[in-house]
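What's counted below: heavy atoms across the whole structure, side chains too, no hydrogens, waters or symmetry copies.
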Amino acid sequence: RKAGGWQGPSLLPLLLLAEKSHGQSFLVMGISPLNGGVLPPIGYDAMQQQQDEERLLPLTNFQSFFRLAAADLSISIKQSSFDPNAVEVQTCDVQDFLGTLDFLLKKATPLRTKT
């Protein structure tokens with residue numbers, strides 16, 4: 001953490017996982033690393049912010065990654081809310097789902113070039 005905010009190579013998407021109360025499924029939610037209009041920390045270069053946002057933009061469409069992971073595993077997932085970045089996954093499938101999702105996100109993460 002630098003200057004009050006995540007930035008540079010550490011600026012990555014976040015996945016949250018919560019077991020539903022009945023214990024038969026988990027809610028998986030993807031959270032974008034982009035600041036959504038919040039002012040960048042003091043000392044954070046605006047040009048660098050733009051480069052970081054362009055690099056991470058493809059990683060903010062979790063709905064596509066969720067569908068790809070489910071298709072790779074031949075499992076069904078359920079969109080359990082109006083938010084396309086949240087899905088419900090059966091408990092028996094959640095570990096494999098997260099592993100596949102991790103693989104897909106890492107594969108899609110562009111390397112940051114140093115200037």
Side-chain angles (χ1 to χ4, degrees):
R1 193 172 159 113
K2 283 183 173 178
W6 296 107
Q7 59 182 302
S10 63
L11 188 66
L12 295 171
L14 175 67
L15 291 172
L16 292 179
L17 178 71
E19 186 173 15
K20 300 214 43 179
S21 60
H22 54 70
Q24 296 176 0
S25 63
F26 281 80
L27 181 65
V28 180
M29 178 167 253
I31 300 174
S32 169
L34 304 180
N35 66 13
V38 177
L39 290 175
I42 295 172
Y44 190 43
D45 182 357
M47 182 71 128
Q48 185 61 56
Q49 179 182 4
Q50 182 179 356
Q51 289 173 350
D52 287 339
E53 289 182 4
E54 287 172 2
R55 176 178 66 89
L56 293 166
L57 193 58
L59 302 178
T60 61
N61 184 0
F62 290 98
Q63 184 177 27
S64 296
F65 286 105
F66 291 156
R67 288 181 182 163
L68 282 170
D72 279 359
L73 296 169
S74 299
I75 63 170
S76 62
I77 57 174
K78 182 170 79 171
Q79 188 173 344
S80 58
S81 73
F82 62 89
D83 187 342
N85 293 326
V87 293
E88 191 173 334
V89 181
Q90 294 298 309
T91 299
C92 60
D93 297 324
V94 76
Q95 289 299 324
D96 290 336
F97 181 77
L98 291 175
T100 302
L101 198 54
D102 179 57
F103 172 77
L104 292 170
L105 285 167
K106 284 180 180 174
K107 187 175 165 183
T109 303
L111 296 175
R112 181 171 176 210
T113 57
K114 296 195 180 212
T115 55

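- Looking at L105 and L15, their side chains come closer than 4.5 Å, going by heavy atoms from C-beta outward.
- In this structure, CG on L14 lies 7.5 Å from CZ on F62, to the nearest 0.5 angstrom.
- Residues D83 and M29 meet the side-chain proximity criterion, which asks for heavy atoms closer than 4.5 Å.
- By the side chain to side chain contact (heavy atoms under 4.5 Å, CB included) test, E19 pairs with F26, sequence neighbours left out.
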Exercise for review: Please assess L17 against L98 for the test side-chain contact (heavy atoms from CB on, under 4.5 Å), listing each intermediate value before the final yes or no.
Suggested key: CA-CA 9 Å; L17 178 71; L98 291 175; 3.6 Å; yes
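- Rounded to the nearest 0.5 angstrom, Q95 CD and T100 OG1 are separated by 11.0 Å.
- For T91 (side chain) and G23 (main-chain N/O), a donor-acceptor pair under 3.5 Å exists by modelled atom type.
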Practice item. List the steps, then state whether side-chain contact (heavy atoms from CB on, under 4.5 Å) holds for L104 with D72. Key: CA-CA 10 Å; L104 292 170; D72 279 359; 4.1 Å; yes
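- The shortest non-hydrogen separation linking A69 to F97 is CB-CE1, 3.7 Å.
- Of all heavy-atom pairs between Q24 and Q90, the closest is O-OE1, 3.1 Å.
- The structure places OG of S76 at 7.0 Å from CG of D93, a figure rounded to the nearest 0.5 Å.
- With rounding to the nearest 0.5 Å, the separation of CG in L73 from CG in L101 is 9.5 Å.
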